[in-house]
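Data block below; observations after.
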Amino acid sequence: MGKFYITTPIYYVNAEPHVGHAYTSIAADALARYHSLKGDDVFFITGVDEHGANIEKISAEKGVSPQQYCDQMAPTFTNLWKKLNISYDIFLRTTSELHKRGVAKFLNSLHESGDIYKDKYEGYYCRPCESFYTEKELGEQKVCPVHRLPVEWVEEENYFFALSKYENRLLEHIRANRRFIQPDSRRNEILSVIESGLKNVSISRASVSWGIPLPFDPTHNIYVWIEALCNYITALDFDETGEKFRTYWPADIHLMGKEITRFHAIIWPAMLMSVNLPLPKQVFGHGWLTKDGDRISKTTGNIIDMNALIDEFGLAAFRYYMMREFSFGNDGDFRHDRFVLRYNADLANDLGNLLNRTLGLVSKHFGVIPNPTTPGEFDNEVKQIARETVNEVDSLMSRRAFDAALEAIWEFVRRVNRYIQQTQVWTLAKSEDGKGRMGTILYNSMEALRTVAVLISPFMPDTADRIRQQMGLDESFNAQGLDTVAQWGGLPSEIPIMKPEPIFPRKDTKSVQSNSVDGAEEANLISFNQFQSLDMRVAEVIAAESIPNADRLLKLQVDLGGEQRQIVAGIAENYMPDDLIGKQVILVANLEPATIRGIKSQGMLLAAADGKGLAVATFEKTMLLGTRVR
RNA sequence: CGCAGGGUAGAGCAGUCUGGUAGCUCGUCGGGCUCAUAACCCGGAGGACGUGGGUUCAAAUCCCACCCCUGCAACCA
């Protein structure tokens, strides 16, 4: 029994939460609940990151103040956590006084440690982007890659943190503590990043106004990442002598998506070293989810509709799928058909049906939880596997192998189904002798189910609760910890059970459709006039060449019948230049010209790309060049 | 030589750190049971663990080289 301090990242409020955020938070919640079950004093924090140039920009676009914008966004997160039943203790907003106070205290300590210095920061700067670019990114024309506007050479005084000073200490710490960075693939990556040399990092921005001022120089705001990392201690009301801080720090685990492991495994520990605070025990960067093999993206409509899934299958099914299907450290592919499969096979058939068949027999022959009067074959095996499962789950949870932990629990569920089969319980009611044995087998099955309910409660708290209720147990059984199932026989007898009802009704596979891209394509009708505003023409490709250092681009010369155009097309992965020469294509002729990779493009040719490849639209027979297409 | 991840049964994945008869789910084929949600249970078929080389008594696992996929970034009007 100890304490367990667990964190998710504070999520950036530049957009509403999506399934990736949910994934991290569900995992954190399962781990937090598991440690509660073990009897640990758990402290679980999450929150939102609200400062920075990006937020300033987005709020300006929406015509509201940054604070108003953040006030609108924060509830979209808390509402989702409520829907997902996330049992956090503190939801920290970086605009809160609690956070600002802690940040000021921490930054002052950092300053006093002597690792902060002022220096000139210089580079090419794009004002609309509010960021610096390297010469390589700007290309030959020295324009911003996003806005295509000229950049300016800016020199800015900034404060820096002497990160490079901690290279060796970080390496030593990571090498000496195998579990400090997990999974191993991330650990190796971080090691190689540090080995290749660390640069000192800028920790302030004079040009960004939406932020927290540096306590020792209020003319600068703290760079948002530096300030955000502090949330892990500011949420504890940071003060080295404060009670919460002394109780819970260092964190037992910082959970996050793999893209931000570097900040947590390098910069954050170095800052803590600088002020002589203990380091978090573990930084875990989990994998990303894709959907149907493709990146999850709002613009392509390839999103996972959590609300629809939860409405149809229930929260338990959603949380179960997320934790069972993917190996936590690796990337995973979210597939709707797999979701339905998991639901039916694991939840409905294995667990739901086991509960239902067991309680059905109890209800028919006893009405109350029977007494285990008559031991027999297979009983001890079931008991032993129950005990082993509890131990195995514990070891797997400590490795954050959620999928394997659930698999271990389900192995036990299947074992109990087999137990019922092997003992042929339903045939025993015929004699008085048999009835004693029957009661014992059913008692054991129910005790097994109670064990399962406790073990799955971190993942599916509501399901554990429903199992308990159907078994006739009162709420005092909710609070029971892991130790009560490590010992067999904690289930009381003679308690009336409830009417058995399927907790996971089977879903018909055929009626369940993959809700993929189709949904995003409806609506958005345009008028005929809008369509007519497109000037599309028959054109012939008369020359084509590839563009150096551009994998996807071809430079084409096309003939519109009397007029020649140069266009750049992103089709190089599917067409060799020579394939196109002589082909008639459809050219959008009145598109505004653009410069791509330094080459002028005066139009665009029509093509379609599906998952497998790309094809340029052409004509069924040869047409007069320059003819309008409609 | 841009960065990262991956290639293990028909499908989806674990196992690789710590070398020792290749594992899970689904599907498929055959059988059993009839308490239960057309559920459950038993058995079978199906694998050069991407390729080649090396280390070792022993390699999916360690080392080297290569091939192929997938993201991200640079360009996708």
Side-chain angles (χ1 to χ4, degrees), chain A residues 133-134 136-139 145 178-179 182-189 192-193 258-259 287-288 290 293-297 324-327 329-333 335 337-338 340-342 344-365 401 403-404 406-408 410-411 413-429 438 441-442 445 500-509 547-554 567-573 588 591-607 609 614:
Chain A
Y133 289 101
T134 61
K136 197 180 159 197
E137 286 169 320
L138 297 173
R178 177 65 187 269
R179 293 173 34 110
Q182 282 291 306
D184 283 341
S185 54
R186 232 67 72 206
R187 180 173 183 265
N188 294 337
E189 181 190 336
S192 80
V193 168
K258 63 181 181 181
E259 73 282 4
W288 286 352
T290 52
D294 293 321
R295 199 170 80 90
I296 293 172
S297 152
R324 173 64 188 88
E325 183 78 347
F326 315 116
S327 175
N330 302 342
D331 290 353
D333 189 30
R335 282 176 40 181
D337 56 340
R338 299 279 311 164
V340 180
L341 201 70
R342 285 274 174 215
N344 279 335
D346 298 359
L347 299 180
N349 296 353
D350 287 346
L351 178 60
N353 183 52
L354 172 62
L355 179 73
N356 201 238
R357 70 195 298 208
T358 304
L359 293 187
L361 286 166
V362 173
S363 154
K364 188 167 165 195
H365 298 284
D403 58 327
L406 284 166
E407 170 60 21
W410 254 257
E411 236 170 77
V413 169
R414 288 189 286 267
R415 179 66 190 85
V416 181
N417 267 321
R418 186 152 95 246
Y419 175 61
I420 289 175
Q421 185 71 31
Q422 286 171 316
T423 53
Q424 306 262 302
V425 220
W426 59 91
T427 63
L428 298 171
M438 181 186 210
I441 293 163
L442 291 175
S445 303
E501 305 249 4
I503 52 172
F504 295 112
R506 247 186 97 82
K507 300 283 177 187
D508 184 356
T509 325
I547 298 171
N549 297 325
D551 300 348
R552 288 184 188 154
L553 301 183
L554 290 182
I567 64 172
V568 176
I571 55 175
E573 283 172 332
V588 181
L591 195 67
E592 60 178 4
T595 303
I596 300 153
R597 194 102 197 150
I599 299 166
K600 269 235 172 85
S601 181
Q602 307 161 298
M604 164 177 170
L605 60 83
L606 296 189
L614 181 148

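Convention: sequence-line order gives letters A, B, ...; per-chain numbering from 1. These numbers were taken from a predicted model, which means no experiment stands behind them.
At B:rU37, none of the side-chain N or O atoms of A:Asn344 fall inside 4.0 Å of OP1 or OP2 (strictly under the cut-off). One finds a side-chain N or O of A:Asn330 lying less than 4.0 angstrom from the OP1 or OP2 phosphate oxygen of B:rA14. For B:rU25, the OP1/OP2 oxygens have no side-chain nitrogen or oxygen of A:Arg342 closer than 4.0 Å. Distances shown here put every side-chain N or O of A:Arg324 at or beyond 4.0 Å from the OP1 or OP2 atom of B:rC13.
Checked by atom type and distance alone, the side chain of A:Ser601 pairs as donor or acceptor with a backbone atom of A:Val568 at under 3.5 Å.
Atom CG in A:Asp333 sits roughly 11 Å away from atom P in B:rA14 (whole-Å rounding). Between the P atom of B:rC35 and the CZ atom of A:Arg357 lies a distance of 10 Å, rounded to the nearest Å.
A salt bridge does not link A:Asp333 with A:Arg338: every distance from a Lys NZ or Arg NE/NH1/NH2 to an Asp or Glu carboxylate oxygen is 4.0 Å or more.
Base orientation of B:rA48: syn, since the glycosidic angle falls within 90° of 0.
Defined by atom type and a distance below 3.5 Å, a donor-acceptor pair is missing between the side-chain atoms of A:Asn353 and A:Arg506.
Taking the P atom of each, B:rG32 and B:rG20 are spaced 40 Å apart, rounded to whole Å. The gap from the P atom of B:rC26 to that of B:rU34 amounts to 23 Å, rounded to the nearest Å. Taking atom C1' on both nucleotides, B:rU70 is separated from B:rC63 by 26 Å, rounded to a whole Å. Nucleotides B:rG53 and B:rG12, compared at atom C1', are 32 Å apart to the nearest Å. Comparing the same atom, C1', in B:rC33 and in B:rG23 gives a spacing of 28 Å after rounding to whole Å.
Residues A:Ile420 and A:Thr423 come closest through the heavy atom pair O-OG1, 3.3 Å.
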